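Chain A is the first sequence line, chain B the second, and so forth, proteins listed ahead of strands; every chain is numbered from 1. Since the model is a prediction, treat every value here as computed from it, not as a measurement.
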Protein chains: 2
Amino acid sequence: MKQDSRLSGVLHVLLHMAQQPGSFTSETLAKAMDTNPVVIRRIMAGLRDLGYVRSEKGHGGGWTLACDLTKVTLRDVYTALGSPALLAMGNRTEAPGCLVEQAVNAALDQAFGDAQALLLSRFGEVTLAMLGDDLRKRLGSRKLQGMSAHGA
Amino acid sequence: MKQDSRLSGVLHVLLHMAQQPGSFTSETLAKAMDTNPVVIRRIMAGLRDLGYVRSEKGHGGGWTLACDLTKVTLRDVYTALGSPALLAMGNRTEAPGCLVEQAVNAALDQAFGDAQALLLSRFGEVTLAMLGDDLRKRLGSRKLQGMSAHGA
DNA sequence: CGGTTATGTAACATATGAAGTTACATGAAA
DNA sequence: TTTCATGTAACTTCATATGTTACATAACCG
């Protein structure tokens, strides 16, 4: 299965923005992420709608953080993306008349449900501020070697 | 993300086979699963290689169970399929030079790893025999109403 | 033997959805 | 009013599960 990397992507953007105040254009962010400005706008749209970031047009415009990083969790970000599927596997048929299929679905759904719940729970425990702290730690040890945030 | 339903499918096949002794052609199984015989052969290939089922050509040929259902778990079946991806989400870049990306990956990998481990652990707790027991229970209550395994 | 029935597998078609791209409308600031 | 930025639709590209066709291989049957 091809994997969805939007959560990873949008977190990367947010963390980049958190490194310095001010606004960032989609183009700037796209360059840092080695992707296309439209992709940035796309993955940021949900965050904007929920008020986690603001966007402004015209000169000096761009994206700005508009939330308390200690309050927003990975789960909030995930929700802002539209809560895409977490699991790569699913049941062959969702409402089967076949009892065999029902038995299989019941067993798999149990496991799938547990894994999803755990994942969402973990997401809910991590705030953007925590990611920032972790990043600062990494930056610290790198700076001693004279490296920038973007490394090699 | 489109979801992979091979595990669901192969379990369905195995459970069908467990309902009565003897061999089953790919065509028979395909009809019960409402799919194509080649698809059956494809998802069964790994199980055959690991000895969980046998296949025979020619007249009277087909697929037969060749394992102790109380010993084979959903995890074994999953492995026989080639251990396909469990999660629909992944990191944007796997070995990033960017420290921001590293921080994001670290956080996500933690959650992803936990969820995967839980899923595999759950799979390991469920044997094919347990699925069969559950199915028999469902068949029992259905039979009282005069319904067959394939319901409506 | 030759015919029938089955699996084994390659090759190709289809469908889905994320990611990337192009094009253009909208709006804000210089 | 020109420039710069987002907003968004439409399209292409890519990966991959699924479906299908075609044919080789092997077992059994007469």
**Request:** List the steps, then state whether side-chain contact (heavy atoms from CB on, under 4.5 Å) holds for L87(B) with L87(A).
**Result:** CA-CA 4 Å; L87(B) 301 183; L87(A) 301 183; 3.7 Å; yes
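- Between the CD atom of Q3(A) and the C1' atom of dC14(D) there is a distance of 15 Å, rounded to whole Å.
- Judged purely by atom type and a 3.5 angstrom limit, S8(A) uses its side chain to pair as donor or acceptor with the backbone of R92(B).
- Side chain to side chain, W63(B) and S23(B) fail the donor-acceptor criterion of an N or O pair below 3.5 Å.
- Residue-environment remark: CD (Q19(A)) exceeds the threshold of 12 foreign heavy atoms within 6.0 Å.
- Annotation: of the two residues near DNA chain C, K57(A) and S5(A), the 5′-most nearest-nucleotide partner is S5(A).
- For DNA chain C, the span of nucleotides reached by chain B at under 4.0 Å from its heavy atoms goes, 5' to 3', from dT4(C) to dA18(C).
- dG19(D) atom P lies 16 Å from atom NZ of K31(B), rounded to whole Å.
- Going from atom CG of D4(B) over to atom P of dA15(D) covers 18 Å, rounded to whole Å.
- Contact annotation: S55(A) side-chain N/O to dA5(D) OP1/OP2 distance is not under 4.0 Å.
- Looking at T64(A), L65(A), L47(A) one by one, the single match for side chain to side chain contact (heavy atoms under 4.5 Å, CB included) with R54(A) turns out to be T64(A).
- In this structure, CD1 of I40(B) is placed 12 Å from C1' of dT18(D), rounded to the nearest angstrom.
- Both K2(A) and H59(A) sit near DNA chain D, but only H59(A) has its closest nucleotide nearer the 5' end.
- We find that CZ of R54(A) is positioned 18 Å from C1' of dG7(D), with the value rounded to whole Å.
- Backbone-only engagement by G62(B) is indicated by non-hydrogen atom pairs under 4.0 Å involving sugar-phosphate atoms exclusively.
- Within the 4.0 Å cut-off from OP1 or OP2 of dG7(D), not a single side-chain nitrogen or oxygen of R41(A) is found.
- One interatomic measurement links the two molecules: CG of L29(A) to P of dG7(D), which rounds to 12 Å at whole-angstrom precision.
- Distance alone, capped at 3.5 Å, is enough to place a donor-acceptor pair between the Y78(A) side chain and the P84(A) backbone.
- Each of R42(B) and F24(B) was matched to the nucleotide of DNA chain C holding its nearest heavy atom; the match closer to the 5' end belongs to F24(B).
- We find that CH2 of W63(A) is positioned 7 Å from C1' of dT6(D), with the value rounded to whole Å.
- Atom CE in M33(B) sits about 12 Å away from atom C1' in dT18(D), given to the nearest Å.
- Annotation: the span from L118(B) atom CG to L118(A) atom CG amounts to 5.5 Å, rounded to 0.5 Å.
- The residue R48(A) sits close only to the backbone: its heavy atoms come under 4.0 Å of sugar-phosphate atoms, none of a base.
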